[in-house]
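Working notes, beginning with the structure itself.
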Amino acid sequence: MNEVSSSSTTPEQSLIYQPSSIIDRLALNSLFPKPQPLEVELGSGDGSFIVQWAALHPERNFLAVERLLGRLRKIDKKGRRAGLQNLRAVRLEAWYLVEYLLPPGCVSALHIYFPDPWPKRKHRKNRLINAAFAEAAARALASEGVVYLRTDDPDYFKQMLEVFAAHQNFRPTQTQADLQGVITDFEREFKKRGVATLSAAYARI
């Protein structure tokens, strides 16, 4: 499968982007045909959410972040089938991308839906959402950029709220109705089983 190396793709070319460096900030202008506001989904799964959302908003660019190659290929297949020029996917750890590769102030929205809850107490240090992540997110987000959060785990949700409430650069905000209506693959399964989705959003001050 060919990986993209330029800002535009043909239907045969992959939407998967291979950074030329994992220590330099991403050159976002080389990823997309148009310089548009950027939204990033961390842990995109099979792409159920980001492909739908990108199709609804051609006036924005979208970056799907996923570390599992099989899932990344599903995102690529769905995105190309939908003819999306405003979507790219990258195989990286979510925290690493936010901490080291996103240019400061470049992101208008971060979508973090159903991250691994690491439910055992001894494993909670592995959770993505913590004080250090909130600090990195504050650097990556533009002014009034928003972090959107969803989880099915009440304990992790409590931690998410505490982390962002404690950071001086974030304030609670609302999630618009149209965004709430676009769900992930995990969320679809949870809804079938009657598991509630817990959601919150915080804007960068």
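Here, residue 1 is the first one in the sequence, and each next residue gets the next number.
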Where [X] and [Y] come nearest, the two heavy atoms and their spacing:
X: Ala134; Y: Val163; result: CB-CG1, 3.6 Å
X: Pro154; Y: Leu198; result: CA-CD1, 3.7 Å
X: Gln85; Y: Phe32; result: O-CD2, 4.2 Å
X: Ile75; Y: Ala89; result: CG2-CB, 4.2 Å
X: Ala136; Y: Glu99; result: CB-OE1, 3.4 Å
X: Glu93; Y: Arg67; result: OE2-CD, 3.2 Å

Evaluate the side-chain proximity of [Y] to [X]: yes if any heavy-atom separation is below 4.5 Å, no if none is.
X: Asp155; Y: Pro119; result: no
X: Met160; Y: Pro115; result: yes
X: Asn130; Y: Trp95; result: no

Test log, rule side chain to side chain contact (heavy atoms under 4.5 Å, CB included), inputs His57 and Asp178:
CA-CA 11 Å; His57 293 282; Asp178 60 338; 4.1 Å; yes
Would Glu187 and Tyr113 count as a side chain to side chain contact (heavy atoms under 4.5 Å, CB included) if you check the C-alpha gap in whole Å, the side-chain angles of each, and the deciding distance to 0.1 Å?
CA-CA 9 Å; Glu187 195 166 4; Tyr113 300 147; 6.0 Å; no
Flag yes if more than 12 heavy atoms outside Lys125 fall under 6.0 Å of its NZ atom; otherwise flag no.
yes
Side chain to side chain contact (heavy atoms under 4.5 Å, CB included) between Leu149 and Phe164, worked out:
CA-CA 11 Å; Leu149 305 165; Phe164 283 100; 3.9 Å; yes
Within 45 degrees of the ring normal and closer than 6.0 Å to the centroid, is that where the cationic atom of Arg127 sits relative to Tyr156?
yes
Cation-pi between Arg88 and Tyr17: NZ/CZ under 6.0 Å from ring centre and within 45° of the ring axis?
no
Parallel, tilted or perpendicular: which fits the ring planes of Phe114 and Phe186, with parallel below 30° and perpendicular above 60°?
tilted
Could you measure the distance from the [atom1] atom of [X] to the [atom2] atom of [Y]? Nearest 0.5 Å is fine.
X: Glu41; Y: Ile50; atom1: CD; atom2: CD1; value: 5.0 Å
X: Arg60; Y: Leu38; atom1: CZ; atom2: CG; value: 11.5 Å
X: Leu63; Y: Leu26; atom1: CG; atom2: CG; value: 7.0 Å
X: Ile112; Y: Leu128; atom1: CD1; atom2: CG; value: 5.5 Å
X: Leu72; Y: Ile16; atom1: CG; atom2: CD1; value: 4.0 Å
X: Arg193; Y: Phe190; atom1: CZ; atom2: CZ; value: 5.5 Å

Following the transitive rule for hydrophobic clusters with a side-chain heavy-atom cut-off under 4.5 Å over Ile, Leu, Val, Met, Phe, Trp and Tyr, establish whether [X] and [Y] coincide in one cluster.
X: Ile183; Y: Val51; answer: no
X: Tyr96; Y: Leu31; answer: yes
X: Val65; Y: Ile23; answer: yes
X: Phe133; Y: Ile205; answer: no
X: Val182; Y: Leu84; answer: yes

Between Glu59 and Lys34, does at least one N-O distance fall below 4.0 Å, as a salt bridge requires?
no
Are any of the side-chain nitrogens in Lys158 or Glu162 under 4.0 Å away from the carboxylate oxygens of its partner?
yes
Are the side chain of [X] and the backbone N or O of [Y] linked by a donor-acceptor pair below 3.5 Å?
X: Gln36; Y: Pro58; value: yes
X: Arg204; Y: Ala138; value: yes
X: Arg71; Y: Asp46; value: no

What pairs with Arg171 under side chain to side chain donor-acceptor pair (under 3.5 Å), at least two apart in sequence or on another chain?
Glu144
Who passes side chain to side chain donor-acceptor pair (under 3.5 Å) against Asp24, sequence neighbours left out?
Ser21
Per the side chain to side chain contact (heavy atoms under 4.5 Å, CB included) rule, which among Val146, Leu141, Val98, Leu28 passes with Val107?
Leu141
Between the side chains of [X] and [Y], is a donor N or O closer than 3.5 angstrom to an acceptor N or O?
X: Ser44; Y: Glu66; value: no
X: Gln180; Y: Tyr148; value: no
X: Asp153; Y: Thr151; value: no
X: Trp53; Y: Glu39; value: yes

Walk me through whether Thr173 and Tyr202 qualify under side chain to side chain contact (heavy atoms under 4.5 Å, CB included).
CA-CA 5 Å; Thr173 190; Tyr202 288 87; 5.7 Å; no
From the list Arg80, Arg73, Lys78, salt bridge (charged side-chain N to carboxylate O under 4.0 Å, His left out) partner of Asp76 resolves to Arg80
